[in-house]
Enquirer: 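Take a look at the following structure, please.
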There are 2 protein chains.
Amino acid sequence: MSWRKEERRAERGYHHGNLKEALLQAALGLIAEKGAAGFTFADAARMAGVSAAAPYRHFRDRDELLSSIAQRGFEQFESRLTAAWDDGRPDTVTAFERVGRAYLAFAREEPAFYNAMFESGLPVDANAALQAASERAFNVIRAAAERLAALAPPGTPRPPAMMMALHIWSMAHGVASLFSRGDAARRKLPMSPDELLEAEVLIYLRGLGFTTDRRPPAKGAEPPPVPPEAPSGSSVPPGGPWGKPK
Amino acid sequence: MSWRKEERRAERGYHHGNLKEALLQAALGLIAEKGAAGFTFADAARMAGVSAAAPYRHFRDRDELLSSIAQRGFEQFESRLTAAWDDGRPDTVTAFERVGRAYLAFAREEPAFYNAMFESGLPVDANAALQAASERAFNVIRAAAERLAALAPPGTPRPPAMMMALHIWSMAHGVASLFSRGDAARRKLPMSPDELLEAEVLIYLRGLGFTTDRRPPAKGAEPPPVPPEAPSGSSVPPGGPWGKPK
DNA sequence: AGCTCATGTGAACGACCTTTACATGAGCCG
DNA sequence: CGGCTCATGTAAAGGTCGTTCACATGAGCT
C-alpha cells in the first residue's frame, strides 16, 4: 500500500501543488492521534510526501502551523456555536442550552481543533488573527447572554450579560476539559457530560431568577413566529434540573 | 558565578547524594518558566550538575518525572483544599467558597504544579498512584459537597452531592484554565477571576435553593462552636451576588 | 523560447531522548 | 582494616526533530 518515495514523487511531480492544505490536514490527523505535544513537523511533511524542509516554504515554523490550525478551529467553533444559537429560536433558554451542547460536541468531535485551541500551550495573543478569531467565537456566547439577560425577571437586579457569558463559558470549558476529552472522559461519572452541563446551566439560570422549564412542544403546531418571551412555565421541572435522585 | 564542571564535581564528589530531589526541584523551576512542553530532561540534568544520562537512574523516562511532579502537585493541592475547607468552619457556605478561592490560588501560585497536573497532556490513568492522588484531591470537594447537600432547604428535592461536586469542580477548573493562568489571564475581564468564580458559585447555590448570604461576623464575638446550620439570612445580598451593576 | 520566482530537495548543525558499556565509591561483611 | 558489591554516576553513540542554507525544478508570464 505504501508508495515508495520515487513512485510518489513521479505521481505528483516535483511540486506538490497544494502542500499548505495537505500539511494542515496531515497535522490535524496527527494531533487527533497523538495530541499537539506529540505532533511533529517532520511527520506532517512525511505524510504529505515531501522533504522535511518543504513545510518552511508555507509556515515560518512549527508554531505557526499550530496556530493556523487553532485559528481555523476557532472559526469552525464560532460557526457551530452560531448555528446552535440560531438567533435564539425557538426560545432563548432552549437555544442557550443548545449552545452549551454544541460546545461539548465540538470538544468531542473535533479533538484536534480543540487540542490546538486550548491545550497546545500556545499563547493566545501570539497571533493577532488568532486572538480575533477566539474573540469572535466568544462573542457568540456573549450575544446569547445579552439576550438572556434582557429576559431577567422583573423585580430582581438585572445580571450583567458579560458576567453571565463568562460564567457559562467557564462551565462549558470546565466540563469539556475535565470530562469530555480523551482520557479524562474515562473518569466514571453519574451522568453524561452533556447532562452534567445542562443541569449546571439550568441550576445557574435558576439562581439568576430565570424560570427554566420550556413549554412542551405543541404537537403539530408551528412555533409562533415571534415567541412571546415572557417565561410561560410555572416553576421547577419535577425532580429538579438533575432528574430524579434515586 | 557559574561553576565550571570540574569544580562543581569536585565540590559534590562523584555521587550527587540527592539527585532525585534535585531533579524534581529543577524540573519544577523549568516548568514554571517555560511550561511542561518546553521543559527538557537534559536541562534538568544540567541544572543539577550531572550528565544527561544520570536522571535515568531515578526516572524511567521524561514522562515519569513529569508524572511524579503531577502526583506531588495533587498531594499539595489536596492539602490546600483540605485546609481551606477546614471541616466546614465557621459555616458550610463560607468554607465552601474558601475552597473555591483555594482552587484558584493554587492555579495562580503553583503554575508549575498546575501545568503538570492539568496541562501537560499526560494521561491521568497512566500511573495508578497519580490517579489515586487526583481522586483524593477531588474527594475534598466531594466531601464538602456532601455537607452542603445535607443542608438543602426542606421542601425541595435534595441535589445529589456528587453532581454538585462535579459542577463546582468544573466551574473552578473552567475559571482557572480560562482566566487565571499565564497568557489567558490577560483577557480583559470586568472582574477578577476570584470574584467571577465566587459569583458563579453563589448564583449556582441559589439555583439549588440555598440561601447564600452569610451573617456578618459578630464583632468581637467568637463564632459559636457548632454553628446552627439552618440558614439564618433572609434572601439575597443587595444587588445580587455580583454586586451592583453600574 | 527564455526568464523568474515560488516551491521543493539534500545536506548539515545542534539539541534532545534514550541505551549501552564502563567508572566510582559508600556501605557492608569478614 | 581489606575487599566486595551494587547503587549511582559518566562518556559515547544512535535516532529523531527543528531549522537553515545552497541548490534544483518547473509553472507561468513576456
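Just so we're on the same page: letters track the sequence lines, and every chain starts at 1.
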Enquirer: Please state how far atom CZ in A/R60 lies from atom P in D/dT19, giving the value in whole angstrom units.
Expert: 10 Å
Enquirer: When the distance from CZ of B/R62 to P of D/dC17 is rounded to whole Å, what number comes out?
Expert: 15 Å
Enquirer: Round to the nearest Å and state the distance from A/L66 atom CG to D/dT19 atom P.
Expert: 11 Å
Enquirer: Between atom CZ in B/F59 and atom C1' in D/dG9, what is the gap in whole Å?
Expert: 15 Å
Enquirer: Could you grab the distance from atom OG of B/S67 to atom CD of B/Q131, nearest 0.5 Å is fine?
Expert: 12.0 Å
Enquirer: May I ask you to say what B/G38 touches in the nucleic acid, namely base, sugar-phosphate or nothing, with a heavy-atom cut-off under 4.0 Å?
Expert: nothing
Enquirer: Below 4.0 angstrom from OP1 or OP2 of C/dC16, is there any side-chain N or O of B/R46?
Expert: yes
Enquirer: Do any N or O atoms from the side chain of A/R147 and from the backbone of A/D87 form a donor-acceptor pair under 3.5 angstrom?
Expert: yes
Enquirer: Which is more 5' along DNA chain D, the nucleotide nearest A/F39 or the one nearest B/A52? Just name the residue.
Expert: B/A52
Enquirer: Within the structure, does a side-chain N or O atom of A/H58 lie under 4.0 Å from either OP1 or OP2 of C/dG8?
Expert: yes
Enquirer: List the atom of B/R89, the atom of B/R98, and the distance in Å for their closest heavy-atom pair.
Expert: O-NH2, 2.7 Å
Enquirer: How about A/Y103 and A/F77: are their ring centroids closer than 6.0 Å?
Expert: yes
Enquirer: Test ring-ring contact (aromatic ring centres under 6.0 Å, His included) on A/F118 and A/F74; report intermediate values, then the result.
Expert: CA-CA 10 Å; A/F118 293 116; A/F74 275 115; 5.6 Å; yes
Enquirer: What is the separation between atom NZ on A/K20 and atom P on C/dG8, rounded to the nearest whole Å?
Expert: 12 Å
Enquirer: Could you pick out which residue, A/R57 or A/D43, lies toward the 5' side of DNA chain D when each is mapped onto its nearest nucleotide?
Expert: A/D43
Enquirer: Rounded off to whole Å, could you give me the CD-to-C1' distance for the A/E64 and D/dT19 pair?
Expert: 14 Å
Enquirer: Could you check which of C/dC17, D/dG9, C/dG10 has an atom nearest any side-chain atom of B/L19?
Expert: D/dG9
Enquirer: Looking across every strand, which nucleic acid part, if any, lies under 4.0 Å from A/A53 by heavy atom: base, sugar-phosphate, or nothing?
Expert: base
Enquirer: So what does B/Y56 hit on the nucleic acid, given a heavy-atom distance under 4.0 Å: a base, only sugar-phosphate, or nothing?
Expert: base
Enquirer: How close or far is atom P of C/dC17 from atom CG of B/D61, stated in whole angstroms?
Expert: 10 Å
Enquirer: What is the distance, rounded to the nearest whole Å, between atom CG of B/L30 and atom P of C/dC17?
Expert: 11 Å
